[in-house]
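Here the structure is a predicted model, which is why all the values come from computation and not from measurement. Counting convention: from 1, in listed order, for ligands and their atoms alike. We count residues from 1, following the sequence as given.
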Amino acid sequence: MKTIDVKVLDARMRDQLPAYATKGSAGLDLRACLDEPLTIEPGVTHLIPTGLAIHIADPGYAAVILPRSGLGHKHGIVLGNLVGLIDSDYQGPLMVSAWNRSQTTYTLQPLERLAQLVIVPILQVQFNLVDDFTSSERGTGGFGSTGSA
Ligand SMILES: O=c1ccn([C@H]2C[C@H](O)[C@@H](COP(=O)(O)OP(=O)(O)OP(=O)(O)O)O2)c(=O)[nH]1
Ligand SMILES: [Mg+2]
């Protein structure tokens, strides 16, 4: 298993470092590092601290922040940026943009699990400038060009 440096920015997180819930989990739950409950009105977005910073350091990896399916499906609490991308060289506080896309107010509790962090491999590329591409089976077809059934 790969090891990533983590800094505790809020002492409450010391005993609550993100951990895989099961052996097969892909995501590490991130908690809302709040001092008091936060009411999120319908349609409103709040930037929520996690109380943690990570430094992935290896450009061959990144982290993505994804919604939790339960919160998103049942309560409409998803991400204001849809997906958060954490660069391997980012060392600042890990933040979660919490958007209440529902029509009902949601009260987020201190230390509630709000979103999940997934570490993913990254391939950095360089561009080779060309005038024409070598032809491919698809060519320029897209957006339903292969049919709908
Ligand atoms: O949900 C998120 C998304 C991003 N970040 C941090 C880590 C990431 O490496 C940095 C920059 O994110 P991004 O590149 O998506 O934002 P930007 O708007 O392009 O800002 P920048 O100009 O700093 O790159 O912000 C978070 O803490 N949470
Ligand atoms: Mg950026």
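- When atom types are taken as modelled, the side chain of Arg68 and the backbone of Arg113 share a donor-acceptor pair closer than 3.5 angstrom.
- Looking at Asp35 and Arg12, a side-chain N of the basic residue comes within less than 4.0 Å of a carboxylate O on the acidic one, giving a salt bridge.
- A donor-acceptor contact shorter than 3.5 Å links the side chain of Glu112 to the backbone of Gln109.
- With hydrogens and angles ignored, the 3.5 Å screen pairs no side-chain donor or acceptor of Ser25 with any backbone N or O of Gly27.
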Run through all N or O atoms in ligand 1 and write down each protein N or O closer than 3.5 Å, as a pair with its distance.
from     : atom 1 : to    : atom 2 : distance (Å)
ligand 1 : 1 (O)  : Asn81 : ND2    : 3.0
ligand 1 : 9 (O)  : Asp87 : N      : 3.0
ligand 1 : 9 (O)  : Asp87 : OD2    : 2.6
ligand 1 : 27 (O) : Met95 : N      : 3.1
ligand 1 : 28 (N) : Met95 : O      : 2.8

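- Separation of atoms CG (Leu85) and CD1 (Ile65) is listed at 9.0 Å; rounding is to 0.5 Å.
- The ring-ring contact (aromatic ring centres under 6.0 Å, His included) check on His75 picks up Tyr106, with sequence neighbours excluded.
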